[in-house]
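Below, each value reflects all heavy atoms present in this structure, side chains not excepted, and no hydrogens, waters or symmetry copies. Each chain gets a letter, A, B and so on, in the order its sequence line appears, and its residues count up from 1.
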Amino acid sequence: MSVFVTQLFNGLSLGSIMLFIAIGLAITFGLMGVINMAHGELIMVGAYATYVVQQFFAQYAPQSMDYYYVIAIPVSFFVSALLGLGLEKSLIHHLYHRPLDSLLATWGVSLILQQMARTIFGAPNVAVLPPEWLDGGVHVAGMVFPYKRLFILAFVAVSIFVLYMYLNKTAAGRRIRAVTLNRDMAACLGISTQKVDAYAFAIGSGFAGLAGCALTLLGPIGPTIGTYYIVDAFMVVILGGVGKVIGTVLGAFGIGLIGTLTEYSTSATMAKVITFALIIVFLQWKPSGLVSMKTRSLD
Amino acid sequence: MKPVLMCCSVSVDFDGFYALQGADLKVYPHEVRFLIGPNGAGKTTLLDVICGKTRASSGKVLFYSHDITDMPEHKIVQLGISRKFQSPSIFHQLTVWENMELALKQDRGLFAVLRAKMSEADRDMIITLLQRIELLDYADQKAGSLSHGQKQWLEIGMQLIQFPQLLLLDEPIAGMSAAERERTGELIHEIARDCAVVIVEHDMDFVRRFSKQVTVMHEGKVLCEGTMEDIQQNEKVVEIYLGREEKAC
Amino acid sequence: ASSAVDEAKEKKKESSTSETNDTVKVGILHSLSGTMAISEVSLRDAELMAIEEINESGGLLGKKIEPVIEDGASDWPTFAEKAKKLLQKDKVVTIFGGWTSASRKAMLPVVEQNNGLLWYPVQYEGMESSPNIFYTGATTNQQIVPAVSWLLQNKGKKFFLLGSDYVFPRTANKIIKAQLKAEGGQLVGEEYTPLGHTDYSTIISKIKDVKPDVVFNTLNGDSNVAFFKQLKDAGITAKDLTVMSVSIAEEEIRGIGGDVLAGHLAVWNYFQSTDTPENKVFVEKYKEKYGKDRVTDDPIEAAYFAVHLWAEAVKKAGSFDVDKVKKAADGIEYKAPGGTVKIDGETQHTWKIVRIGEIQPDGQFKELWNSGEAVKPDPYLKSYPWAKDLMN
Amino acid sequence: MLSVRNVTAGYEQSVVLENVSMDVQKGCVTAVLGRNGVGKTTLMKSIIGLIKPMRGNIEWEGEDITSLPPEQRVRRGIGYVPQGREIFPTLTVEENLLLGFEALPKKINSSHVLEEIYELFPILKDMLHRKGGDLSGGQQQQLAIARALIGQPKLLLLDEPMEGIQPSIVQLIRDVIMKIAKEKMVGIVLVEHSLDLAFSCADYFYIFDRGIVVAQGHVSKTSKSDVQQFLTV
Amino acid sequence: MIKKNWMYWLFFLALFLAPFYLTEFRLSLLGKFLCFAMIAIGISLIWGYTGILSLGHGVYFGLGAYCMAMYLKLEASGGRLPDFMEWSGVNKLPWFWKPFEQPVIAISSAIIVPVLLAMFLSYFTFRNRIKGVYFSLLSQAIVVVFVTLFIGKQEWTGGTNGLTNFSTVFGFSLSSPLTQIVLYLLTVVLLLSMFLFSRWLTRSRFGRVLVAIRDSENRVRFLGFNPTTYKVFVYSLSAAFAGIAGAMFVLQVGLISPAMMGIIPSIEMVLWVAVGGRSSLIGAIIGAIVTNGAKSFFSENYPDIWLLFLGGLFIAVVLFLPNGLTGVYQSVRQRKKQGEVRANEASSHVLQRVSRF
Ligand SMILES: Nc1ncnc2c1ncn2[C@@H]1O[C@H](COP(=O)(O)OP(=O)(O)OP(=O)(O)O)[C@@H](O)[C@H]1O
Ligand SMILES: Nc1ncnc2c1ncn2[C@@H]1O[C@H](COP(=O)(O)OP(=O)(O)OP(=O)(O)O)[C@@H](O)[C@H]1O
Ligand SMILES: NC(N)=O
Ligand SMILES: [Mg+2]
Ligand SMILES: [Mg+2]
């Protein structure tokens with residue numbers, strides 16, 4: 001029983017991480033259609049931003065060291081968002097009518113960002129020490145639920161909620177969806193497409209930054225961490241169904257639960273194989289993901 | 001006479017919304033059948049079901065003696081049912097000529113196409129048809145750069161060159177100017193010498209001019225059938241569809 | 001085509017060898033980009049420092065050493081390509097390079113076919129002894145085998161083996177299992193995770209289930225960060241469970257955080273804290289050159305002294321010629337920062353002292369045990385009876 | 001209020017409009033006639049700003065708007081119903097309609113405006129939560145017109161607005177067009193193939209052939225048959 | 001026609017003559033790039049012409065390579081168990097390794113195995129109408145499955161190390177320059193045949209069906225073609241090319257490991273084609289050579305920061321050469337043609353006469 005509960009929790013926890021790394025992509029790729037291969041590097045930037053904030057506190061405010069993380073959250077969002085904004089303005093902006101080219105260009109961006117991280121912070125990993133108030137966990141009947149994982153679950157839940165409301169219940173969200181569906185027509189209704197594109201991409205990038213900040217609690221921070229998460233992030237979005245935030249949530253937790261449950265009874269390697277094989281089989285059955293957005297138009 | 005096409009109480013359910021609720025339709029050889037009805041009556045959906053784009057949730061579609069209700073789209077086309085869509089659907093990246101070439105009546109299997117060569121007869125055929133749809137000058141242009149009306153014509157041309165046995169036309173003259181409408185109407189009747197045609201159209205002048213039998217659809221069902229004169233007298237049709245002015249004409 | 005061959009040969013002769021009158025080229029081939037860069041960049045730094053030292057003291061055989069640096073890019077065919085380039089195009093007299101076993105395996109046929117020389121500075125899984133490679137990292141009997149014995153004596157019998165899914169951990173664990181059987185240990189679990197795996201919650205659950213005395217950790221690279229962070233979150237500290245690692249050195253600790261690792265163990269041949277006069281100088285120099293916050297560790301040291309060992313061999317041979325250097329290398333000794341090392345001519349491995357250390361919160365090791373004197377390398381574990389059946 | 005001055009425009013590979021001039025008056029319905037492919041849609045796109053003219057300029061209420069992007073023109077009071085509807089297929093009907101408000105500076109009385117629209121097109125009210133792309137052709141066309149009307153434009157560009165609409169609603173829309181032109185003093189440019197229809201509601205007309213204006217005049221002073229000659233080959 | 005094509009022939013002639021003017025090392029690099037070019041042709045066929053973006057061609061390349069490598073490994077082991085099996089605790093050659101003692105079987109499997117996998121996967125995937133990015137990412141999932149399995153099954157595949165350390169092929173020493181030159185020339189011949197075959201395909205009616213599928217698969221269906229058959233065929237063909245490329249790669253580079261069938265190489269394959277110009281076969285070849293050449297060049301000369309250059313190259317191509325390298329050539333030609341047309345138009349420009357009523 002406790003094994004099952006623990007694994008369920010582990011699955012949810014893994015799902016929440018999956019969701020975190022995929023939220024930003026759900027916007028930039030799912031909604032905007034940009035195959036953003038630099039998404040992982042935007043996560044990396046968020047993680048390094050967290051590291052820098054920590055170093056800053058260690059240097060100038062060691063007495064309030066414990067609260068560096070509170071500052072790091074918005075900082076990592078804005079640093080990545082700003083970078084995303086710059087990217088959109090200088091590069092992506094030219095590519096909306098050539099979606100596949102964004103693959104090539106953002107791949108180039110990811111190479112450059114990796115190398116820049118290596119040049120600025122050095123090739124080896126850097127350490128971010130999680131704040132002390134996140135140490136430990138809730139003990140229930142011999143099981144431990146680490147605060148960090150609970151925190152990430154809550155963090156991602158809030159993020160998703162905010163994002164969902166923003167996209168579906170506000171005029172700004174509606175504008176984003178309209179522009180991504182038909183740029184010309186949106187302009188003909190009085191929407192400033194350039195502005196909308198820019199802030200949508202910035203928001204997506206910002207969420208990647210947040211993911212980076214969250215990941216510092218659990219994993220490594222180095223120039224190549226983006227490469228670990230990029231495939232998973234795309235899988236989550238695809239499995240959920242492109243363009244639907246709800247789908248992304250389901251996809252993330254689906255992958256998380258399947259991953260941990262199979263890993264417990266097999267091995268990490270087999271779990272990975274089975275999870276991905278299941279994704280392939282699943283898509284045969286639902287060719288456009290869990291939550292699809294089909295319309296009757298011919299294509 | 002045996003009907004070419006028979007739809008027997010076809011229903012289509014889109015997540016609880018019934019776009020068709022038991023529609024029946026019989027089309028006979030060499031017939032030009034007009035399908036009219038209010039927006040949303042289910043005309044396009046009915047054509048979709050016939051050509052396999054949408055699957056009927058109940059009912060049956062027979063083409064001669066073939067049950068085509070669940071047949072894959074390309075097989076239905078190979079049987080001889082050809083469809084023009086409501087918005088022009090041609091291959092934008094191919095030239096006008098290449099669009100016609102693909103539409104040629106031919107064995108459409110992989111290996112046949114690998115070996116395919118353009119015969120003199122095929123070439124002449126395409127030229128004749130292009131002339132007829134006034135696109136010969138545009139033969140080497142990408143179809144994507146045609147105007148709306150020209151795309152409509154090209155698509156009609158692509159149906160003709162297939163020599164279908166049943167031709168489904170969804171608003172073929174939308175966006176055409178008066179002269180072209182006239183020509184289209186004549187063309188359709190010429191075609192009808194070899195095949196049956198089902199046309200959806202909202203232009204009453206056109207319907208009046210070229211129709212014999214008209215079927216009126218409403219809320220997913222066939223409301224009535226008859227000549228245009230009969231139908232114009234039907235109060236219900238006037239109310240839901242024609243409006244007062246059209247009746248007056 | 002045969003004339004083309006002649007011509008190609010002709011060209012090979014024509015293009016001047018790398019030995020000009022006053023310089024001699026050596027190749028440095030590590031991953032400067034990609035996932036392995038986190039470890040390998042420091043090796044390049046150490047090797048460059050050694051070369052500089054030699055050049056400052058007048059060079060070798062009257063010539064300055066000119067390093068040619070290439071990026072293996074964490075990609076094995078690239079290692080093969082660059083090794084070929086170094087040997088054929090640059091005509092380097094030797095190469096220092098590699099980290100992962102896969103990169104070594106990729107370079108091996110290249111150096112053998114071109115009769116080149118490769119110095120490989122990282123601990124590895126043994127079972128190899130190429131005539132064209134010198135191994136300055138530990139083989140299994142200089143790291144894993146003594147660590148297992150020590151653990152059995154000091155920590156307990158129940159072992160949980162955790163490793164990355166590739167050749168080094170799998171081979172290492174095979175050896176460990178044989179040794180456990182022979183020395184009375186007990187295997188309670190064995191798990192492998194793909195390289196770059198970052199979620200260890202399930203594995204930690206499994207560890208909790210079987211309650212081992214020791215986790216023998218052969219994870220490589222970034223996975224360690226995730227494993228240790230998450231182990232701590234799950235409420236397991238070094239007091240509850242000892243983790244013995246073979247791929248975590250000072251450099252890796254820096255990227256995980258000493259606090260997270262404090263109390264856990266690692267086995268190496270060298271620690272930055274190793275107390276020898278040579279090491280004092282070495283660490284000081286390294287920090288001065290590359291930054292105060294940099295650390296030294298075992299592979300860095302092995303890369304560093306590899307250059308010096310080669311230089312000694314060249315001096316002894318009086319030539320840069322590969323065959324002559326190889327012959328001269330047998331028995332060469334060097335006072336390395338971690339103690340005197342010596343080349344074993346038969347296997348071309350290095351005699352090294354084995355050390356077990358406990359990680360301190362400041363990221364340094366406290367040595368708990370050492371082998372006293374240098375251990376003779378035995379890549380095929382021929383001197384261990386229990387290892388006889390290992391190969392089949 | 002709108003004047004197109006000597007505009008030459010086209011696509012990457014081809015020039016479609018050559019030296020076209022045209023004026024649109026407040027409260028007038030201006031019909032644009034011509035056979036297929038003569039450049040009517042291209043003209044509309046140039047006015048709304050989707051195509052940048054190669055030469056010539058476009059003035060709106062005395063201001064040169066030639067280099068403004070579409071959204072700026074829309075916010076200055078130009079509304080557009082494109083040929084082919086261009087509904088946002090995965091947005092609901094309601095969301096499609098709400099996007100009509102983007103043209104306005106602030107949402108004033110949005111519910112009141114919407115009520116008016118629903119009165120005009122009752123079918124839309126029934127389908128508020130259906131996806132725009134699932135509507136039938138005629139329903140989409142009505143949605144597109146409604147969406148443009150919500151923006152309360154001072155100039156309305158209609159590119160074959162009656163395509164695919166059932167006769168009774170065609171009559172209704174025609175009446176609406178005439179009503180808003182006369183009552184709200186909106187200028188309307190109507191591209192239409194049916195001469196009857198165009199002449200039944202337009203005040204002024206332009207006839208195009210191969211990218212140039214070949215005829216123009218007041219509807220009231222012209223007989224249909226005179227015009228007909230330009231439309232047949 | 002000849003005038004238009006002389007550049008192709010010159011290009012291939014230059015490739016044939018490369019052994020005369022390149023050093024042994026450069027020649028081996030070029031040989032490797034030409035293997036990549038074979039993959040690129042296949043990707044151009046499916047992506048450029050048919051609109052199927054596969055991010056998983058590393059798998060087909062890898063399978064072809066492994067089939068060849070198994071033979072080479074067995075030959076190098078001279079009847080003994082391959083070394084990695086020994087230290088992985090295998091004591092008998094697994095049954096599926098046995099057939100690879102026969103060169104004929106090994107060579108034919110290098111084509112058949114990738115093709116069978118491609119056919120199997122693509123048949124279901126395309127029949128179920130998985131399209132666009134869904135297909136792209138599904139192909140990536142396949143890569144993950146295969147790479148993870150190949151790494152995990154170390155005792156059968158050599159794990160991360162892959163298969164390496166070969167000595168001879170059909171008894172000829174792999175390291176001898178003569179063998180290398182023969183292998184190189186064989187690569188050029190194969191590449192040329194693939195190029196000519198693909199060119200013939202794309203210029204025939206078959207090619208037009210492919211473009212039509214790219215344009216709109218559903219419309220193709222309503223013209224009576226079954227797109228699934230066409231897509232499966234062209235996809236499997238590209239898998240065959242990749243498999244052959246893998247076999248030739250192993251022969252020349254002497255190494256195959258799972259890393260080379262992974263996600264990153266698979267994406268890189270697409271990038272080569274994009275750089276060269278995706279709907280041009282010769283562009284694909286040039287893209288593969290140029291991109292890899294640039295990679296080698298930059299990393300040899302700037303080992304520390306070569307990624308900046310490579311990244312910059314990709315961005316520059318996208319921003320300034322939307323149709324890739326060959327796009328430049330094409331657009332220059334087109335502009336020339338258009339200039340002529342426009343001049344004609346201008347001269348026949350009629351005076352405008354507006355009738356006013
Ligand atoms: N995929 C779908 N999902 C939901 N509703 C749909 C779908 N397809 C069609 N409908 C609805 O079914 C009804 C019938 O549509 P259909 O397109 O057949 O009408 P139509 O008779 O062709 O109308 P029009 O004359 O306007 O083209 C419409 O109300 C439409 O909104
Ligand atoms: N995107 C495009 N690229 C290139 N040429 C185009 C493009 N769209 C239209 N054309 C060309 O421009 C010319 C005019 O097209 P336009 O759409 O303006 O005609 P139209 O008068 O609106 O015709 P219709 O009544 O058929 O809608 C046509 O000859 C067409 O071939
Ligand atoms: N040799 C190693 N550590 O891979
Ligand atoms: Mg319809
Ligand atoms: Mg038009």
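- Both the backbone and the side chain of E73(B) come within contact range of chain E, with heavy atoms under 4.5 Å apart.
- Aromatic pair Y235(E)/F135(E): centroids less than 6.0 angstrom apart.
- Neither the backbone nor the side chain of Q159(B) comes within contact range of chain E; no heavy atom of the residue lies under 4.5 Å from a heavy atom of that chain.
- For K75(B), no part lies near chain E; criterion is any non-hydrogen pair under 4.5 Å.
- Remark: the S89(B) side chain and the E155(B) side chain contain an N/O donor-acceptor pair separated by less than 3.5 Å.
- Side-chain contact between D67(B) and V61(B) is absent, with no heavy atoms from C-beta onward closer than 4.5 Å.
- For I90(B), the part lying near chain E is the backbone, with the side chain staying farther off; criterion is any non-hydrogen pair under 4.5 Å.
- If you tally non-hydrogen atom pairs under 4.5 Å between each of I81(B), N99(B), L110(B), L114(B) and chain E, the highest count goes to L110(B).
- The local environment of OH in Y123(E) is sparse, with at most 12 non-hydrogen atoms from other residues, nucleotides or ligands closer than 6.0 Å.
- Counting heavy-atom pairs under 4.5 Å between each of F233(E), F206(E), F225(E) and chain B puts F225(E) at the top.
- Interface summary for chain B: among L201(E), N226(E), V220(E), T229(E), the most heavy-atom pairs under 4.5 angstrom belong to N226(E).
- A ring-centre distance under 6.0 Å is found for F195(E) and Y8(E).
- Residue contact with chain E, scored on non-hydrogen atoms closer than 4.5 Å, involves the side chain of L104(B) exclusively.
- The residues E134(B) and R183(B) are annotated as salt-bridged, a charged nitrogen and a carboxylate oxygen being separated by less than 4.0 angstrom.
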